[in-house]
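Letters A, B, ... mirror the listed sequences (proteins, then strands); counts begin at 1.
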Protein chains: 2
Amino acid sequence: MQNEPVTTLFQQEELNTKERILDAAIDLISRKGFDAMSIREIAREVGIRESSIYNHFKSKDEILDTIIDYFIMELSRSDLGEMPMDALLAQYGPEGFMNMGGRAYLESINRPRVIKIWRIISIEIYRNDKVRKFFKTTMVETPVKVWEQTFRRMMDLGYIVECDTRVLAQEFFYYLVYLLFDYFVISFNDTTYCTFTEKMSDDMSGHIKFIFDKISVKKVQ
Amino acid sequence: MQNEPVTTLFQQEELNTKERILDAAIDLISRKGFDAMSIREIAREVGIRESSIYNHFKSKDEILDTIIDYFIMELSRSDLGEMPMDALLAQYGPEGFMNMGGRAYLESINRPRVIKIWRIISIEIYRNDKVRKFFKTTMVETPVKVWEQTFRRMMDLGYIVECDTRVLAQEFFYYLVYLLFDYFVISFNDTTYCTFTEKMSDDMSGHIKFIFDKISVKKVQ
DNA sequence: GTCTATAAGTGGATAGAC
DNA sequence: GTCTATCCACTTATAGAC
């Protein structure tokens with residue numbers, strides 16, 4: 001099992017013990033939760049003794065911290081950041097822009113190297129305050145603010161009707177957070193990872209159509 | 001702490017040991033999660049020895065099962081069930097009806113005897129399959145179906161414009177599930193229990209206004 | 001129904017040989 | 001860096017006195 005030619009999670013060039021420990025930990029925690037997983041299980045999976053793990057990590061907690069730090073770093077790396085909003089709006093229109101934003105959101109989750117960590121985040125969010133704050137700030141509050149500005153711009157450019165941009169941003173984005181919650185918790189089972197994109201993609205399309213149909217400027221004319 | 005004149009959770013008439021065990025367990029699990037809580041802690045809180053607990057419950061798991069069963073029973077008891085929909089619609093109008101439904105939803109959560117168990121449900125949903133299935137079916141799928149029928153009826157009676165009632169029900173209700181998730185997980189902290197109604201009530205009002213503004217029949221005439 | 005005592009196991013973590 | 005050996009705190013759970 002540990003002999004398969006896998007691209008390692010943390011460094012491409014070498015499949016060293018530290019990385020194999022992290023891979024095993026990610027798999028175990030994503031399936032059982034951090035509390036229920038033990039150092040012994042990791043050691044068994046990797047094929048070394050428990051004590052050897054302490055050559056790579058000071059404590060059990062440090063393993064989880066490393067995973068979470070990696071995840072946070074990996075996610076902030078894919079930050080859409082400075083998109084040429086006006087140009088994209090002119091090219092694809094407001095609905096197309098929303099679809100692109102939603103699609104980018106889905107794709108940032110559905111990456112093989114981090115999808116198991118998403119499950120870990122969903123599990124540990126209630127217990128680990130660093131996870132909770134990261135999620136609250138980076139995965140909810142910041143995107144809502146960004147979408148609020150985006151809708152404000154759309155409004156200024158006459159693409160959408162006048163309305164409360166804050167409420168609009170929440171209506172748009174909270175649904176996406178719900179989809180995440182549904183996927184990784186409510187409807188989660190072991191085969192979930194396969195059927196990711198299709199269902200969420202459909203739900204999101206219906207959602208965007210619903211929202212856009214409401215704010216579209218064509219409707220009132 | 002265990003001497004306060006508290007109304008017990010499971011039977012009003014007597015404050016016996018079994019109920020005190022359940023009270024302590026609910027408090028501990030809601031703060032730490034089931035895995036991290038131990039029988040010893042319950043015993044310490046109640047003021048008895050660990051072994052005595054096994055006179056009331058066969059195992060640690062049975063304590064959680066009892067709490068969850070109580071919760072499920074308590075919630076199905078408050079099922080709105082057969083409401084005289086047409087009469088209420090005529091009296092309060094579609095927006096008033098939605099507000100009543102949303103308000104009833106909030107109030108069913110914000111009851112002192114079950115609010116800590118809501119936190120337990122939020123924590124254990126990833127680990128306990130009974131909890132997960134209950135939530136998925138009773139707290140998401142069934143309400144969405146009920147609201148779908150409700151919107152269908154509103155449409156037939158000419159209160160709202162023609163649209164996809166399934167999408168509409170999801171747009172309306174998923175937001176409420178998100179509010180739950182936000183309250184009990186994302187934004188949760190120890191003082192959370194106090195500020196429950198106001199924030200969620202505001203968010204819900206904005207949400208209902210947004211949805212209703214879209215589907216209101218007045219707009220297109 | 002509660003107690004003492006204890007079983008029987010698991011957990012994280014360390015010391016020191018190699 | 002990995003191994004053997006071990007520590008010890010803590011866990012759920014049971015047996016049997018009172």
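Side-chain contact annotation: B:Ser201 with B:Arg103, donor-acceptor N/O pair under 3.5 Å present.
The CG-P distance, from A:Asp61 to C:dA13, rounds to 7 Å in whole Å. Across the protein-nucleic acid pair, A:Ile39 atom CD1 and D:dC10 atom P stand 18 Å apart, rounded to whole Å. Separating the NZ atom of B:Lys58 from the C1' atom of C:dG1 is a distance of 18 Å, rounded to the nearest angstrom. Distance A:Glu50 CD to C:dT10 P: 12 Å, rounded to the nearest Å. In this structure, A:Ile48 atom CD1 and D:dG1 atom C1' are separated by 9 Å, rounded to whole Å. Here C:dG12 presents its P atom at 4 Å from NZ of A:Lys60, a figure rounded to the nearest Å. One interatomic measurement links the two molecules: CZ of A:Phe57 to C1' of C:dG12, which rounds to 15 Å at whole-angstrom precision. Across the protein-nucleic acid pair, B:Arg49 atom CZ and D:dA15 atom C1' stand 17 Å apart, rounded to whole Å.
Proximity of B:Ser52 to the phosphate of C:dC3: a side-chain N or O atom is located under 4.0 Å from OP1 or OP2.
The neighbour count for A:Lys209 NZ, taken as heavy atoms of other residues, nucleotides or ligands under 6.0 Å away, does not exceed 12.
Counting any heavy atom pair closer than 4.0 Å across all strands shown, B:Ser38 reaches sugar-phosphate atoms only and no base atom.
Residues A:Tyr178 and B:Tyr178 keep their aromatic ring centres 6.0 Å or farther apart. Checked against the 6.0 Å centroid threshold, A:His207 and B:Tyr174 do not count as a close aromatic pair.
Checking C:dA13, D:dT14, D:dT12 against every side-chain atom of B:Ser51, the shortest atom distance belongs to D:dT14. Considering only side-chain atoms of B:Tyr54, the nucleotide from D:dT4, D:dA13, C:dT4 that sits closest is D:dA13.
Place A:His56 and A:Arg40 on DNA chain D by their nearest nucleotides, and A:His56 ends up nearer the 5' end.
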